[in-house]
Every structure is written in C-alpha cells, then in structure tokens.
Number of protein chains: 2
Amino acid sequence: MLPPPIPSPPPGRATIADVAREAGVHASTVSRALNPATRGMVTEAVALRVTEVADRLGWRPSAVAAGLRTRKSRTIGILVPDLINPIFPPILHAVETVMAARGYATLVANTDNDPAREALLIERMATHLVDGLMLASAAAGTGALALCARFGIPAVLINRRMPQGADCAATSAVTNDDRHGIGLAVDHLVALGHRRIAHLAGPEGVSTATDRRTGFLDRLRHHGLEPAGLVPAAAYTREAGQVAMAALLAGPPFTAVAVANDMLCLGVYDAVEAAGRRVAADVSVTGFNDMPFVDRIHPGLTTVRIQHDAMGRQAAEILLAEMADPALPRRDIRLVPELVIRASTRPPQEPA
Amino acid sequence: MLPPPIPSPPPGRATIADVAREAGVHASTVSRALNPATRGMVTEAVALRVTEVADRLGWRPSAVAAGLRTRKSRTIGILVPDLINPIFPPILHAVETVMAARGYATLVANTDNDPAREALLIERMATHLVDGLMLASAAAGTGALALCARFGIPAVLINRRMPQGADCAATSAVTNDDRHGIGLAVDHLVALGHRRIAHLAGPEGVSTATDRRTGFLDRLRHHGLEPAGLVPAAAYTREAGQVAMAALLAGPPFTAVAVANDMLCLGVYDAVEAAGRRVAADVSVTGFNDMPFVDRIHPGLTTVRIQHDAMGRQAAEILLAEMADPALPRRDIRLVPELVIRASTRPPQEPA
DNA sequence: GCAAAATCTGCAATCGATTGCATTGGGCAT
DNA sequence: ATGCCCAATGCAATCGATTGCAGATTTTGC
C-alpha cells in the first residue's frame, strides 16, 4: 500500500495553479473565482469550491505576478522632505489609512530636502511601478513633476505647491491657505497693539515660505504697516530658526515676530533666550502648523493650526480618483487654517 | 523613399527586448550587461553598446518583472505602532536611509496598536513579496512573528522585544536596555533625596513597559525602597498618561514619579497642573526616550536618552544580513541609554 | 598546429496571474 | 425534435526580466 500522493504544499506558497489542480478546474477559472470583480463570471458552486480549496492550501495572491500582467502594483509612493518634522507623520498617517482601506500599500521615502535624492527616489518608485505618487517635497527647481510625467505616474502635491511654476495647473495640490493663515497671525499681533513686527521666513523656493511671506507683507500693509525686519531661514529646522532669529535680533528693533513655522520657533526660543530676552514678555512670537506638543513648550506657542488629517485624506482621495481616471480635471484645494492663541503673544512692552 | 522604420519608443517604457533589438543582441545578453552582478559575463564592448542603447531608449528596469522571476522585490516592510509618536520617525529615517543605500524601498504601515490590523498589513506585505520585515510593534499576543514564519519572511524586532515569549530566541531584536535605563532615572531621583517614588508604567504586554517596570522595582529595592505607587497607562499616549497620573495622584503621597516614556509625560504634566500642583517644585518627573522637543517643554524634562539612529541602523543591517543568509544566528542587541538631566527633577520638598 | 578549455552569446523555459477568444453544454423557443 | 443563444469554462498568449543549458567562438596549452 503506497501512501496516497502528497499534494506537496511544502515548498513556497501555493499558486493559482495548485488551487486549480486541487479543485479540478482551470487556472483561469480560479483567477476569476478569486477576484471579487470577476467572481460573477463563474458558477456559485465553483466559486465556493475554489475559495474553499484556496483557503485550505493557504493561497495568497502574488501582487507581483498580478502587477506584471496588469501593470498596476497596488502601491503608491509618498515623498516627504523630512519625516522628523512632526507635521508630516499625521499627514502620512491619514494618507496611509485611506490607501490601506482601498488595498494600497504605501512606499515612504525621505528626500532630506535634496533634489538629487528626490529624483533618485522617484526613479526607484517608478521601477517599483507605483500606481501614484504623493509629493510633500515640492520646491522650486525640482524635476519631480517632470519625472512623474515622463514615467506616466499620476501625482498629487501635498502641503507644498509648486511656487508659481509653469506646470502648476498640470498637477493637483492640497495645501493650506498659507496667505490667509499668516494673515490671522498678523491680525492678532496688530490687535494686541504691535506696530513693529518682523517676519522670520521659510527657505527660498518653497511655496509655504513664499506664500506666508507675501501673505505677511500684504496683511501688514493692509494695516498700514511696514515690516520691521525680514530674514529667511536656510531650512525648516530648529537650528536654522535660531540662526535667522539671531540675525533678526541683531537688526532694527521689533516687538513681535511672525515665524513661518513651528519648527523654526523652537530655534527662535533658543535665540531669544541666548540674547537674554524673554519670549512673550519682550518679544511676541507666532508659529505656523500647530505641530504636536507646541502647547507644552514654554511659553505655549500661539500658532496657526492646519488640518493635517483632512489634508492627507483629501489628497489621497484625489490621487485615487486621478489614478482611476487620468483625464480628470486637476484640483487645487486650499484648506483654511485657524489661529490658536496661547502664551507666546502679549501686548507690546512700552519702551520705558 | 519610405522613411526609415521608426523604433517606436512611444508606448510605455522601453523593455529589455527593445534594447536587445536596437543593440542587435539577445535579451538575455542585455539582462547580463545591465545587471552589475553579471556584467562581467559579457564583453566590455557589448556591455558598452547595450548600456548606451538602454540610456538612449530611456530603459528602466521593472522591479516587478524581475521580482516575479527572482522572488525578491527589493522592498522591505516596516510596521510601526504609531507614527505620531516622535520616537519612531528618527528610527524609521535611519532604517530607510540604510535600506535606500542598498537599493531597497521601504513599505511603511501603521498598526495603530491593533493586532488585527497588524495581521492584515503583514498579509498585504507578504502579498507584495517584501524581502524582509521590521517590526516596531511587537507586543504580547500578537501573531506577527508566526505570520512572518508562515510566509517565510525574515523579520527583526526593533525598539520592542517579545515580552518573555517562547519565540524570543527565534527572532533578532534591537532594543534599548530598558531595565538599565529606568535604573538611571531611579538612581538620579534617589540621589536627589527622594524616598517616595512612584512609577507610571506603560501598557500591558509591551516589552518596553514590562522591562522598565521590573527595572524600576529592582533598582528601587536595591536602594532599600518600595514603590510609592504604580499605575499602568492604557497606551503610550498623552491622554493615557494624564489618566494614569490622575490615578496616581489620587493615591498615597509621593514626591517623584518615574514615567515609562516621554509621551506619557506630556499627560503627566497636564494632570499635575490640573491637580493644582507643579512639576519639579511639588513632584519630580522623569521620562524615557528623550524624544524631540522635550527639552523645550516646561519644565524641561529629565529623561533617558535612547539611540534612535543607531537602533535603526543596526536593525537594518541585521535584517539585510539575515535576508542574505537566513541561517545566521539570531542576535539580541541592547543599546545603552543615558540620562539627560533637565529641570523636571529637584530635591523633594520637605513636608512642612 | 590541433585538441582542450575557457569565454561569450543565444535559446527557451520560467516566475504567477490575467484576459481575449474559443469551446462546450444546457436551456429555451419554435 | 431542431436550432439558437447564452452562460460557464478552458486554452493559450502575455506581462518583462532572469538563468540553466547549449552552441559558437576564441584562447590556451602542449
């Protein structure tokens, strides 16, 4: 008595062919039975049997094999300039949640604000056949959009737009209304009585920096004021914030500073202390983003809250829609931010 | 005069077959010429010509097609319990940097501390044929490791180990020496003169929580003391920290609390203030992780600094090594943390 | 100067799933 | 009872790159 022939499931995972053999049908039938979209093409009884066998054999689809045939990897990529900046994780989380719910995996990469690295990463993503790309790293002079176009990868910008570039209209973007947002900060400072207000701007070439800067100037002039100082930071980092603030402090006097983002504010606090002055008491500070925990720094930062979650969600939905139908008209969404008043802003100290 | 036959590069990307035709060689030769590892098998002249044609045609490898054949996707997955917690982005960054340098893309997913979601994500990663998995989400009762084993995916644990589980030894892990780390905090508090010290522990089933808890107790008893209170938090979140601290404050008196991590400390600060007391002046607080910006909260948090970057790097190296040779002995690396003293700890207030 | 060995290149199968087209069979109408 | 149509299933090609094997060419050794 020979033992019955062993179905041999041991080596590797079961394939559609294994299931077909076991269920006594053709591989194509298995494929149709297992794919929800085509399941209707197959008799209910067959579908049931195939599903049962597939389960028993522990069959798992191979996204790679399917992707080769269909040219879709069920994967999207997301490029972030700097994951360490706490505003990105919440955005990423929202994007990933929406994508995961639709069956997409998310390839994440840090560009570290380096255009060369960004290009390399896009190439690699193209190699991996991502179905779409979410770019949080837009900046002037980047070839990112051109690369996406070349590879035919649908892309959506998030948080940052292309700074008045030529190809703006060609790509959807979900960003904050930065000009409006910084205006809220200016209004607040003016209402407190400040007249000499400086701006610590973001790095050149990034839309959040340029928009907040022009928004700052516009709103200030709306109040009949001129900036008491304006220095751009080299990057959106704490260190760059400290350096830029030190430069501002070395210039003409001011009683308040509207800073381009919260990360810079940490450096601003450092610089103010290093100069022997006090935030709020001597100089009012406003931030931008309301990133996590800035309510707990001292003094609590008055800042402009953005809608991280809505941003990620909407961008994800738009990307999915454009992946499904590339002919869809492009969209340019501006989310409206709100001012959160804490302890870093006070009426100006009258000069003795 | 008919125009010369058009090479037809327009539709889609050029494939290896296109390059072969154009270069007048066989596809297999192209493959060998273009793959650095096999380039030596081919005449230098041919290699040159093929490379030139490939460039001209804008050929890009298809990781999907190659992956189907080789069963390697050049992709690794990383599972994070909660990306919003600022200790994970630096770790992730380190992992991603090492992986990118070796040509691997990184699939990131949030488990949101949900074992079911974790299982689903691992399945999906298996579907995508990841070559390896980095798990930052280890906890008791998770089937993660079993799933990896079933799918034959090499895995490495990072930041959290399996809590004294059976299969510890089967998987490499790179973690902090949590018991030693919390001991540093205890030593510091005792040296300041505290005798009634409480512990705000992490959530059940997570190694960082259990190790820090036993480390706390051991070290306390080493000093001849008993805990003045011990409450576990429901999760590593600010809210859970607040709730747990409120519970501690409602119990027997204590002058200092060693908290299981920095995120919880934010809630601890909230709770202390809500109770009308002051951190440092009335109750000393120590954290764990030295996550970004806790130097700027008020009062600056005394905490235990971990080596995010080294952790990510080493875990990545180990994963790569085990992917290359699954027979390698498993490793269990403990990185040693250091105490960072700031303003949240002071000698105890003598009761009047 | 000729055989043996080494080197290069081509051939064809393969990875696993998908899908247009062909075939089969059952049901229905006349 | 005959023919027709439609639904269900099978067949085979395909996606793009890799690789064991074999054939062709060159180099080496004696």
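Within every chain, numbering begins at 1; the chains are lettered A, B, ... in the order of the sequence lines, protein sequences first and strands thereafter. Here the structure is a predicted model, which means the values were calculated and not measured.
- Candidate nucleotides C/dT18, D/dG16, D/dT18 were compared by shortest atom distance to the side chain of B/Asn35, and D/dT18 ranks first.
- Between A/Ser31 and C/dA17, a side-chain N or O to OP1/OP2 separation shorter than 4.0 Å is absent.
- With hydrogens and angles ignored, a donor-acceptor pair closer than 3.5 Å exists between the side chain of A/Ser28 and the base of D/dC11.
- Residue A/Ile16 has its side chain nearest to C/dA17 when only C/dA17, D/dA17, D/dC15 are considered.
- Of the inter-residue distances, the one linking A/Ser73 atom OG with A/Leu68 atom CG reads 11.5 Å to the nearest 0.5 angstrom.
- When the nucleotides C/dC15, C/dC8, C/dG10 are ranked by their closest atom to the side chain of B/Thr43, C/dC8 comes out on top.
- The distance between atom CE of B/Met41 and atom C1' of D/dT25, rounded to the nearest whole Å, is 16 Å.
- For B/His26, the listed nucleotide lying nearest its side chain is C/dC11; candidates were C/dC11, D/dG16, C/dT19.
- Considering only the side chain of A/Ala65, C/dA17 comes nearest among D/dA17, C/dG10, C/dA17.
- Side-chain N/O atoms of B/Arg69 include none lying less than 4.0 angstrom from OP1 or OP2 on C/dG16.
- With rounding to the nearest 0.5 angstrom, the CD1 atom of B/Ile158 is 11.0 Å from the CD1 atom of B/Ile333.
- The shortest side-chain heavy-atom distance between A/Leu83 and B/Leu92 falls under the 4.5 Å cut-off.
- When each of B/Pro61 and A/Val30 is assigned the nucleotide of DNA chain D bearing its nearest heavy atom, the one mapping closer to the 5' terminus is A/Val30.
- At C/dG16, none of the side-chain N or O atoms of A/Trp59 fall inside 4.0 Å of OP1 or OP2 (strictly under the cut-off).
- Between B/Ala94 and B/Gly312, the shortest heavy-atom contact is CB-CA, 3.8 Å.
- Remark: the B/Thr70 side chain and the C/dC15 base include no donor-acceptor N/O pair separated by less than 3.5 Å.
- Nucleic acid contact class of A/Val46 (heavy atoms, under 4.0 Å, all strands): sugar-phosphate only.
- Distance, B/Arg13 CZ to D/dC15 P: 15 Å, rounded to whole Å.
- Whole-Å rounding puts the A/Arg39 CZ to C/dT19 P distance at 17 Å.
- An OP1 or OP2 oxygen of C/dA17 is reached within less than 4.0 angstrom by no side-chain nitrogen or oxygen of A/Arg32.
- Counting to the nearest Å, the P atom of C/dG16 and the CG atom of A/Asp18 are 8 Å from each other.
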